[in-house]
There are 2 protein chains.
Amino acid sequence: MKQEAKAAAGGPATLWDRTRQLASREILDTALRLFTEQGYDETTIAQIAREAGVSQRTLFRYFGTKEELLGGDQERFGRVLTETVGGQPTGTGAWEALRAGVAAVLALHESREDALERFRLLHRTASLRAGWLEKRLRFQEDLLPLVEARMDGVRDSSDPGARAVVAAAFACLDAATTTWVAGDGEGDLMDLYDRSVAAVRGRP
Amino acid sequence: MKQEAKAAAGGPATLWDRTRQLASREILDTALRLFTEQGYDETTIAQIAREAGVSQRTLFRYFGTKEELLGGDQERFGRVLTETVGGQPTGTGAWEALRAGVAAVLALHESREDALERFRLLHRTASLRAGWLEKRLRFQEDLLPLVEARMDGVRDSSDPGARAVVAAAFACLDAATTTWVAGDGEGDLMDLYDRSVAAVRGRP
DNA sequence: CGCCCCCCTGGCAGTCACTGCCAGACTAAC
DNA sequence: GTTAGTCTGGCAGTGACTGCCAGGGGGGCG
C-alpha cells in the first residue's frame, strides 16, 4: 500500500505506479459512464469490472466500496476544506471562514458540467445521498475545533453553538446545490450559497 | 396489506391483526435488545428472526429493511412534524413554526432513557446515521412548501432561502442531539436546540 | 356445519455488495 | 539469476434483501 504516498508526488516513478494509475482511471471512467447511462443502482460491480477489464476482486482493491467509484477523491475535499478554513487569518469570523472553505471546495471541480453531472447523480440516488451525508458528518467533526476557535462566547463541549454553525453552513451548501441541480445548473452556486446563508441568518 | 388501515384504528378487531401486532412487538423488542447488547452491525437478521421466533422471510415482510427495526415509526415522526408545523397559526414565523414541530417530535419519545438509547445507537453506527439523514431529507422536502409560505421575500423555486432555513433547523436539531448524547443525556434537548438556533442566527 | 377463498407463513433459490484466502505472475532489488 | 515483495484473479463465503411456490389457518358464505 505505497501507492498513496506516490500518488501525492508529481510524476509516477515505477511501472507499477503507472499501471495502477492507468487502471484506476479506466475503472473510474467506466463507472461514471455506466452510472450516468443507466443509473447507479442499476449498475453492478460485475459490469463495471467486466467493461473496465479487471476482476471484481481487483476493483475492490482499488476502491473499497461502490460509492467510492463516484465520490472521486472525497478525502481531498475534506483536506482542502479544513486547510482553507484553518488557514484563514485570525480574526476572521466563523461564517466567513466557512464560506472560504466552501468556495475552495467548489473550485475543485473540473468543470461546471462535470460538477452538475455528479451532483445530479448524487441527488437522484437515495443511497448515494446518504453516503455523501455521512461523509459530510466527518468533515463537520474535523471543522469543529477550527470553528470553535473563531467563535466568541463558546465555552466548552457542552455548548452546541459551534457544531450548529458548522452543520448550518453545510445545510446551506446542500440547499444551494439542490436548488442548483433543480434549476439544471442555472446561476452561480456560490451566489446560491450566499443567499442561503442570508436567509438563515435573517439578513437580506 | 390491510393491516395498515387497521393499525390506525384503536382496537384490533380480528385475530390476525392481534397476532400481527404481537409478532411485530416481539420482533421490535428483540431487535432493540440485540442492537444495544452487541451493536447494530454485529447483529444479523437471522439472529433476530431466530430469537423472535419467526422466519427471516416473515421478518422482512413486517419490516422491509434492517434499519426499520430501529427507526420505530419514523413515518409517524414525519406526520407529526408536518402537521404541527402546518398547524401553526398564520403569521407565525418560519423559525417559530419549525421550533414547534421539533418540540412535538421530541415529545413523542416514550422516555428520556428510551430516547437516549436510540440516539446513542444512531450516533454510534455510521450506516444508521446515513439512513436517518436520508429520511430527514424527505421530511425537509415535505416541510418546504409549509415554510415557504411563512417566509416573506421568497419568490420562486429558484430561491434557496426556504430550503436553507429548513435544512438549518434540522442541522440545529442534529447539533443539539449530538451534544446531548455526548454529554450522556445531560441538560434539556429543547434548550440545546434553542442555543443552537441562537448561535446560527447570531443572537446571543 | 361444511365449504371455499384468501391471507399469511416458511422455505428455497437467487442477486448483489463485499471479504478472506490462496496460488500464480510479474516487478524490483541484490 | 535468484530472491523478495507486490499485484492479480478466482473461489468460496457472509449478509441484506427479493421472487416464487406450496402449505396451513382464519373468515365469510350457504
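Within every chain, numbering begins at 1; the chains are lettered A, B, ... in the order of the sequence lines, protein sequences first and strands thereafter. What's counted below: heavy atoms across the whole structure, side chains too, no hydrogens, waters or symmetry copies.
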For this session: Report yes if a side-chain nitrogen or oxygen of B:Arg20 is closer than 4.0 Å to either non-bridging phosphate oxygen (OP1 or OP2) of C:dT9; otherwise report no.
Result: yes
Problem set entry | Residue from A:Gln38, A:Arg33, A:Glu37, A:Glu51 passing side-chain hydrogen bond (donor to acceptor under 3.5 Å, both in side chains) with A:Thr43 | A:Gln38
Exercise. Between C:dT9, D:dT8, C:dC18, which one does the side chain of A:Phe60 approach most closely?
Worked result: C:dC18
Exercise. Would one find more than 12 heavy atoms of other residues, nucleotides or ligands at under 6.0 Å from atom CD of B:Glu110?
Worked result: no
Seminar exercise, completed: Per atom distances to the B:Lys66 side chain, the nearest of C:dA17, D:dA16, C:dC8 is D:dA16
Exercise. C:dG11 P sits how many Å from B:Arg61 CZ, rounded?
Worked result: 11 Å
For this session: Would you mind classifying the nucleic acid contact of B:Thr19 as base, sugar-phosphate or nothing, using non-hydrogen atoms under 4.0 angstrom?
Result: nothing
Seminar exercise, completed: What one should report as the nearest heavy-atom pair of A:Tyr193 and A:Ala169 is CE1-O, 3.6 Å
Exercise. Once you round it to whole Å, what is the distance between P of C:dC26 and CG of A:Asp17?
Worked result: 19 Å
Problem set entry | Nearest listed nucleotide, side chain of A:Arg57, among D:dC17, C:dC21, D:dC20 | C:dC21
Problem set entry | A:Tyr62 side chain, from C-beta outward: closest of D:dG19, D:dC11, D:dT8 | D:dT8
For this session: For A:Arg18 and C:dC26, give me the distance from atom CZ to atom C1', rounded to whole Å.
Result: 15 Å
For this session: Find the distance B:Asp41:CG to D:dA16:P and express it as a whole number of Å.
Result: 9 Å
For this session: Check the distance between C:dT15's P and A:Glu42's CD and give it to me in whole angstrom.
Result: 17 Å
For this session: Grab the two heavy atoms, one from A:Thr30 and one from A:Ile48, that are nearest each other, plus how far apart they are.
Result: CG2-O, 4.0 Å
Problem set entry | Spacing between B:Gln56 atom CD and D:dC20 atom P, to the nearest angstrom | 19 Å
Exercise. How would you label the contact of B:Ser127 with the nucleic acid (heavy atoms, under 4.0 Å): base, sugar-phosphate, or nothing?
Worked result: nothing
Problem set entry | Integer-rounded Å distance: C:dC8 C1' and B:Leu59 CG | 15 Å
For this session: Please name all residues satisfying side-chain hydrogen bond (donor to acceptor under 3.5 Å, both in side chains) with A:Gln88, sequence neighbours left out, ordered by chain then number.
Result: none
Exercise. Rounded to the Å, how far apart are A:Leu22 CG and D:dT8 C1'?
Worked result: 16 Å
